[in-house]
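Only one structure is covered here, and it is reproduced in the block below.
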Amino acid sequence: PREARLEEAGADLIERMDDPRLEARGVVLTGASGAGKTQSLRRIFKKRFPTYDQRGSACPLVSIKVPSPCNMTALGRLALKELGYPVVGEKKQHWLWEKVRERLQARGVKYLHLDEIQNIMAVANALESKALRDTLKCFLNDIDNRVCLILSGLPEVAEFLQQDAQERRRCAFLHFP
């Protein structure tokens with residue numbers, strides 16, 4: 001039953017992406033460590049996108065495991081590396097995330113999965129927390145390059161994201177007990 005709810009939420013994301021008039025949405029999947037979030041998502045991703053997890057494929061979904069500890073700059077660098085655009089030298093956070101959006105569009109990526117997203121929240125102060133929320137919203141708000149977000153992590157992820165009215169409205173929140 002819980003995986004069926006997750007599949008239904010995923011089907012809604014795909015349906016929305018097929019209609020350019022609709023705004024992008026997100027799915028936030030939370031649960032305790034070991035609840036099966038990542039494995040369930042992988043099964044669904046493989047079923048929906050057969051080339052998922054094949055490096056260099058034209059899969060419209062990219063999955064990134066957020067390391068611990070992590071900040072927005074480190075995650076931007078990691079995302080670019082996963083998208084085949086390694087970054088050399090120091091770069092500003094806004095530049096990194098602008099390039100992430102450009103690379104997602106260039107590769108035809110419509111779905112971005114950030115696993116263990118609580119790892120970035122754990123080290124964020126109030127200003128960094130706002131920057132994280134704003135960056136995530138940019139993916140959903142970009143009319144020319146809509147990207148659906150799939151965020152997974154511990155239960156505090158939902159609490160963090162629900163503090164923002166737009167994210168609360170644009171995301172489906174699911175919990176694996």
Geometric class of the F49/Y111 ring pair [parallel <30°, tilted 30-60°, perpendicular >60°]: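 Judged by the thresholds at 30° and 60°, the geometry between Y111 and F49 is tilted.
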I'd like to know if the side chain of [X] and the backbone of [Y] have a donor-acceptor N/O pair within less than 3.5 Å.
X	Y	result
Q105	N145	no
R16	E23	yes
R133	F160	yes
K37	G31	yes
R101	V147	no
R77	L96	no
T30	A158	no

Compare all side-chain heavy atoms of [X] with those of [Y] and state whether any distance is below 4.5 angstrom.
X	Y	value
M72	W97	yes
L61	I150	yes
R42	T38	yes

What do you reckon, is [atom1] of [X] surrounded by more than 12 foreign heavy atoms closer than 6.0 Å?
X	atom1	value
Q54	CD	yes
E3	CD	yes
E8	CD	no

Chi angles and distances behind the salt bridge (charged side-chain N to carboxylate O under 4.0 Å, His left out) call for K137, D164: CA-CA 10 Å; K137 279 191 290 194; D164 184 279; 2.8 Å; yes
Closest heavy-atom pair and its distance - [X], [Y]:
X	Y	value
H175	P155	CE1-CG, 3.9 Å
Y52	K46	O-NZ, 3.5 Å
L136	L149	O-CD1, 3.3 Å
H113	S63	ND1-OG, 2.5 Å

Pairing of K99 and E102 as salt bridge, 4.0 angstrom limit: yes
Sole residue of L114, I117, D115 in side-chain contact (heavy atoms from CB on, under 4.5 Å) with I64: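 Filter result, single survivor: L114.
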Residue among V66, V27, L41 satisfying side-chain contact (heavy atoms from CB on, under 4.5 Å) with S152: L41
